[in-house]
Amino acid sequence: MTQIIKDDKFTKEADGIKPDSRRRVVLPKSLVSDGITYHIHSNRMGQIILDPQVTIPASELWLFKDKKSLEMIEVGISQKESIDLGSFAQYVEDEA
């Protein structure tokens with residue numbers, strides 16, 4: 001199994017949160033982002049860890065399986081350069 005704890009510096013986000021009548025726990029808005037799902041892990045001490053996950057399209061899975069291609073893309077991204085092409089204001093049509 002891969003390492004679940006990626007950083008051991010935890011921040012307390014809330015105190016005294018109790019499950020509701022349907023045993024649900026509401027997370028603070030600051031911890032929840034759109035498109036995130038969670039894997040839930042627990043230990044014998046009753047501690048619970050939520051591991052955030054994102055879903056990728058099946059058509060893009062090949063890239064994550066092909067380590068060489070993924071590494072080449074990461075190298076390319078790290079080498080990117082910004083090129084100033086100047087203002088494009090002259091091409092904007094006034095919609096008012």
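The CD1 atom of I36 sits 10.5 Å away from the CG atom of D51 when rounded to the nearest 0.5 Å. Rounding to the nearest 0.5 Å gives a distance of 6.0 Å between CG of L50 and CG of L27. Between atom CD1 of residue I4 and atom CD1 of residue I49 there is a gap of 6.5 Å, rounded to the nearest 0.5 Å.
If you chain together hydrophobic residues whose side chains sit under 4.5 Å apart, I77 and L70 fall into the same group.
With side-chain heavy atoms closer than 4.5 Å counting as contact, directly or through intermediates, the hydrophobic cluster containing L85 also holds I83, F88, Y91.
Applying the side chain to side chain donor-acceptor pair (under 3.5 Å) test to pairs two or more places apart or on separate chains, those with a residue in residues 10-27 are K12-D15, D20-R24. For residues 26-39, no pair satisfies side chain to side chain donor-acceptor pair (under 3.5 Å), with sequence neighbours left out. Within the structure, the side chain to side chain donor-acceptor pair (under 3.5 Å) test picks out the following pairs touching residues 59-80 (sequence neighbours left out): D66-S69.
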Test log, rule side-chain contact (heavy atoms from CB on, under 4.5 Å), inputs H41 and I48: CA-CA 6 Å; H41 304 271; I48 299 170; over 6 Å; no
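With sequence neighbours left out, the side chain to side chain donor-acceptor pair (under 3.5 Å) criterion links Q90 to no other residue. For I56, the side chain to side chain contact (heavy atoms under 4.5 Å, CB included) test picks out L61, F64, with sequence neighbours left out. Contacts of V25 classified as side chain to side chain contact (heavy atoms under 4.5 Å, CB included), with partners at least two apart in sequence or in another chain: I17, P19. In this structure, the side chain to side chain donor-acceptor pair (under 3.5 Å) partners of N43, at least two apart in sequence or on a different chain, are Q47.
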